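Below you'll find the structure, written out as structure tokens, and then a few comments.
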There are 2 protein chains.
Amino acid sequence: MTMQRPDELFLKRVFDYYFEAPLSVWATITPHLEHRTYKKNKVIKEAGQTEHNIDIIIKGSIGVFFWTDNHPRCIDLFYEDYFSCDYMSYIEAKPSELFVQVLETTDVFSISRTKIQELSEESLMGNKIIRAAAQSLFLHKQRQQIEMLTLTAEERYKKMLKEQPDRIHRTASKHIASYLGITPESLSRIRNKVS
Amino acid sequence: MTMQRPDELFLKRVFDYYFEAPLSVWATITPHLEHRTYKKNKVIKEAGQTEHNIDIIIKGSIGVFFWTDNHPRCIDLFYEDYFSCDYMSYIEAKPSELFVQVLETTDVFSISRTKIQELSEESLMGNKIIRAAAQSLFLHKQRQQIEMLTLTAEERYKKMLKEQPDRIHRTASKHIASYLGITPESLSRIRNKVS
DNA sequence: AGCAAAACATATCATAGGTCAAGTTTTCTG
DNA sequence: CAGAAAACTTGACCTATGATATGTTTTGCT
């Protein structure tokens, strides 16, 4: 994808599942999106900093982490056509312990809190879109929670392997392990056993 | 509390932490709230049903559960001055596997999806309030997730005991255990060890 | 008050997954 | 393209928590 300017169809496609709005609405938003390319491994938001942007991933992947002891722990993996940010810090507009790292060279459309506030101040529609995003992120979190309580590590891995095989193969094992809530050693054993 | 009619101060107090609005705004909402009293142990929303209301708890407590094998698992405990509902089902407006049970005789102000939609259709402010609620629920979920990954069962219990001793004592051990992600037996051992 | 049922406690044993340590393979970087 | 560093694998051992079983206390109901 060589797109440098967002077009309204892209936005519509990303949001359609959560929130349907006419093309004209997306067209009013697109001029406020900023195209960015992040290099692999770049930390785009450090722990202790405040998140000021929401990125919509065009291509690539981004992880949200925090440190425990000497290891980073991954609480979210985001891929194309989904939002990425430290939403906790974004909502509260204050620093969080989370950091955000780019996992592959990644293209995003980025929008700032300031722009979002403008859009949601001036239009009901803008506000509804933000709400839809917040709700989608909540759903994602709760589904994660239920999976964590319901499935064993092996079952979680198999599920991911079945539902998102491409993502498993694109993403470093250590991150997949961490996202699944286990150590790289445990994942290695599981992979060995499963395949 | 013998309140039968909500007053705007109540709403303001509940939301102030997340979203500040003038009293007049809360006054426009209060007429749409319905006062309800639920008896202890009542299941107010069964698994397989769709959630159509959001309750704001005045007094009492409510839990959100799902079934695994033969045991209910608790994913949320809500107390006074907070929202309670199966938000997953509410957002998607479709049935979920979750059920909602009253843990003590509980007073709430209840508002229906229909009313919420009306309010958020007609006013920007209404919409912002809903968004604030969605964000608050997201934050709560993410904090739960981080605690679960960071702390041992014993640490989680100690934290809750320290920060919300009244809640621990008001709520059945089996629910606390489930909420902390462990069995009642494990909690029993931990309590024995800690005290 | 008195009985049944549910909740809670305690003990024993089982196991998923963690920790540590020593390879091997892959990926960067000059 | 070589050497270093990082990622991944494998193995031995450990521990927190689950499962099961049984006993005790509390709660709820007529």
Side-chain angles (χ1 to χ4, degrees), chain A residues 38-43 60-61 63 65 67-74 77 101-105 145 147-161 167-195, chain B residues 38-43 60-61 63 65-74 77 101-106 145 147-161 167-195:
Chain A
Y38 300 126
K39 286 239 180 75
K40 179 168 177 173
N41 294 327
K42 176 164 175 83
V43 174
S61 52
F65 303 84
W67 284 96
T68 350
D69 309 312
N70 309 307
H71 305 285
R73 301 276 283 177
C74 178
L77 291 175
Q101 185 169 22
V102 175
L103 307 180
E104 304 167 288
T105 298
Q145 180 187 29
E147 267 197 19
M148 206 67 176
L149 291 170
T150 310
L151 306 179
T152 63
E154 185 175 333
E155 289 167 334
R156 273 174 267 147
Y157 175 72
K158 280 184 185 161
K159 185 162 189 278
M160 192 168 180
L161 192 59
R167 292 178 177 186
I168 287 230
H169 295 118
R170 276 163 63 185
T171 310
S173 279
K174 58 174 182 174
H175 295 141
I176 298 287
S178 183
Y179 182 67
L180 293 174
I182 56 178
T183 58
E185 292 91 332
S186 285
L187 180 56
S188 190
R189 265 170 242 145
I190 288 171
R191 301 176 77 157
N192 205 22
K193 192 172 159 191
V194 166
S195 61
Chain B
Y38 299 126
K39 286 236 181 76
K40 180 169 175 171
N41 295 327
K42 179 166 173 82
V43 173
S61 51
F65 303 83
F66 66 92
W67 284 95
T68 351
D69 309 312
N70 310 307
H71 304 285
R73 302 275 282 178
C74 179
L77 291 176
Q101 185 169 23
V102 175
L103 306 180
E104 305 168 288
T105 297
T106 295
Q145 180 187 29
E147 267 197 19
M148 205 68 175
L149 292 170
T150 309
L151 307 178
T152 64
E154 186 174 333
E155 288 167 335
R156 273 174 267 149
Y157 175 71
K158 280 184 185 161
K159 184 162 189 277
M160 193 169 180
L161 191 60
R167 293 181 176 184
I168 287 231
H169 296 117
R170 278 162 65 184
T171 310
S173 281
K174 60 174 181 174
H175 294 142
I176 299 286
S178 183
Y179 182 68
L180 294 175
I182 56 179
T183 58
E185 291 91 335
S186 285
L187 180 56
S188 192
R189 260 171 283 174
I190 288 170
R191 299 177 79 157
N192 203 22
K193 189 171 158 192
V194 167
S195 62

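Worth saying up front: this structure is predicted, and the values here are computed from it rather than measured.
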>> Can you build the contact string for nucleotides 25-30 of chain C? Use B for base contact, S for sugar-phosphate-only contact, and - for no protein heavy atom under 4.0 Å.
In response: ---S--
Whole-Å distance between [N] [atom2] and [X] [atom1]?
X	N	atom1	atom2	result
L180(B)	dC8(C)	CG	P	13 Å
L149(B)	dG17(C)	CG	C1'	14 Å
R191(A)	dT24(C)	CZ	P	20 Å
L103(A)	dA6(D)	CG	P	17 Å
N70(A)	dA6(D)	CG	P	14 Å

>> Any residue in residues 172-179 of chain A with a heavy atom nearer than 4.0 angstrom to DNA chain C? Just list them by number, or reply none.
In response: none
>> Can you list everything that forms a side chain to side chain contact (heavy atoms under 4.5 Å, CB included) with R156(A)? Sequence neighbours excluded, please.
In response: E147(A), M148(A), L151(A), A153(A), L180(A)
>> Going by side chain to side chain contact (heavy atoms under 4.5 Å, CB included), name the residues that satisfy it together with R189(A), two or more places apart in sequence or in a different chain.
In response: E185(A), S186(A)
> Heavy atoms, side chains only, cut-off 4.5 Å: are L149(A) and F66(B) in contact?
Replying inline: yes
> Given side chains that start at C-beta, do those of Y179(A) and T171(A) come closer than 4.5 Å, heavy atoms only?
Replying inline: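 A side-chain contact is absent here, since even the closest heavy-atom pair is not under 4.5 Å.
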Ignoring hydrogens and angles, tell me if any N or O in the side chain of [X] forms a donor-acceptor pair with the backbone of [Y] under 3.5 Å.
X	Y	result
S61(B)	L103(B)	no
S178(B)	C74(B)	yes
Q101(A)	N41(A)	yes

Got a list of protein N/O to nucleotides 13-19 of chain D N/O distances below 3.5 Å?
residue	atom	partner	partner atom	Å
dT17(D)	OP1	A153(B)	N	2.9
dG18(D)	OP1	G181(B)	O	3.4
dG18(D)	OP2	T183(B)	N	3.2
dG18(D)	OP2	T183(B)	OG1	3.2
dG18(D)	OP2	S186(B)	OG	2.7
dG18(D)	O6	R189(B)	NH1	3.3

> Is there a side-chain polar atom (N or O) of N192(A) under 4.0 Å from OP1 or OP2 of dT9(D)?
Replying inline: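 The answer is no; no side-chain N or O of N192(A) sits under 4.0 Å from OP1 or OP2.
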From [atom1] ([X]) to [atom2] ([Y]), nearest 0.5 Å:
X	Y	atom1	atom2	answer
M160(B)	I168(B)	CE	CD1	5.0 Å
I182(A)	L187(A)	CD1	CG	5.0 Å
H71(A)	T68(A)	NE2	OG1	8.0 Å

> Is a side-chain donor-acceptor pair under 3.5 Å present for S173(A) with R191(A)?
Replying inline: yes
> How large an angle, rounded to 10°, do the end axes of the helix from dA1(C)-dT30(D) to dG30(C)-dC1(D) enclose when each is built from five base pairs?
Replying inline: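 Axis angle across the helix from dA1(C)-dT30(D) to dG30(C)-dC1(D), nearest 10°: 70°.
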> Taking NZ, NE, NH1 and NH2 as the nitrogens, is one of them in E154(A) or K158(A) under 4.0 Å from a carboxylate oxygen of the other?
Replying inline: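 Salt bridge between E154(A) and K158(A), a charged N being under 4.0 Å from a carboxylate O: yes.
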>> Would L77(A) and I176(A) count as a side chain to side chain contact (heavy atoms under 4.5 Å, CB included) here? Give the steps.
In response: CA-CA 9 Å; L77(A) 291 175; I176(A) 298 287; 4.3 Å; yes
